[in-house]
Amino acid sequence: MKNNLKTLREGRGWTQGALADQLGVSRQTVNALETGRYDPALPLAFRISRLFAQPIEAIFIPPEDPDVPN
Amino acid sequence: MTRKLDSKDRSDGDRAVSRAYQLEFWPGMAAYAVVLTGVLLWGGLDGNSPWRFVWAVLPVIPALWIVRAVLRHVRRIDEYQRLLLLQGLGGGFAVSMIASVTMAFLEIAGFRVPGVGWIIYGAGMLGWIITGTVVGRR
């Protein structure tokens, strides 16, 4: 899933490691989130939302035609 | 500026998690090495004493400490790292299951493989390492 995490992080002048420490995750995880390789579980998504004071849907951009499981 | 913000340095949290794991893992590994060396040198595993069976399984006790360290590490890491680690372990488990079934069929056919347990162990570890590397690079 695409997201604005990198833009938000850089806007605050934070390294991936600094963001990772504030979210309580690894730098590897922040990198995976920023590159869209990993979609966070809801508790982490809410922590990100709270940290940047923005709703989840303003940070994460769902695909236009999301796959619906059969 | 941007280049500095894209630093690949580990975070403080990463270092703390890694340190905690090392502190738990290496004493277990050291104890395993000491017990294993003692058993191989003085256990008389090729003798006739019934105690040799006890000495033979003695290194498993410190190995359990290593398992404990890994399980505690799994609880300590975050959700994405846990996903990668468990995918790696899943790959290793699948490979060791295939290896053990293969060896079992060979044995049914009358082909006895010496050190079969170590072959299965090696296959499982290799499967873990390869799967872990592949999923980590995706």
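Protein chains get the first letters and strands the later ones, always in sequence-line order, with residue 1 at the start of each.
Ranking A:A32, A:S26, A:G17 against chain B, the residue ahead of the rest is A:S26, based on heavy-atom pairs under 4.5 Å. Among B:D14, B:L84, B:V17, the residue with the largest count of heavy-atom pairs under 4.5 Å with chain A is B:D14.
Residue pairs that meet the salt bridge (charged side-chain N to carboxylate O under 4.0 Å, His left out) test with at least one member in residues 21-37 of chain A, sequence neighbours left out, are A:R9-A:E34.
Here A:D39 contributes atom CG and B:Y80 contributes atom OH; the two are 11.0 Å apart, rounded to the nearest 0.5 Å. Interatomic distance, CD of A:Q28 versus OG of B:S11, reported as 10.5 Å (0.5 Å rounding).
Taken together through direct or relayed side-chain contacts under 4.5 Å among Ile, Leu, Val, Met, Phe, Trp and Tyr, A:M1 and A:L5 form part of one hydrophobic cluster. Under the 4.5 Å side-chain heavy-atom criterion for Ile, Leu, Val, Met, Phe, Trp and Tyr, A:L23 and A:Y38 are members of the same hydrophobic cluster. With hydrophobic clusters built from ILVMFWY side chains whose heavy atoms lie under 4.5 angstrom apart, B:V34 does not share a cluster with B:V39. Hydrophobic clustering (ILVMFWY, side-chain heavy atoms < 4.5 Å, transitive): B:V70 and B:V135 are in distinct clusters. Linking Ile, Leu, Val, Met, Phe, Trp and Tyr residues whenever their side-chain heavy atoms come within less than 4.5 Å places B:L36 and B:M29 in a single cluster.
Looking at B:E79, its side chain never comes within 3.5 Å of a backbone N or O of A:P40 through a donor-acceptor pair.
Residues of residues 95-134 of chain B lying under 4.5 angstrom from chain A, judged on non-hydrogen atoms, do not exist here. Using non-hydrogen atoms only and a strict 4.5 Å limit, the part of residues 42-61 of chain A facing chain B consists of A:L44. Contacts between residues 46-66 of chain B and chain A, counted as heavy-atom pairs separated by less than 4.5 Å, involve no residue at all.
When heavy atoms are compared at a cutoff of 4.5 Å, B:L83 approaches chain A solely by way of its side chain, counted from C-beta outward.
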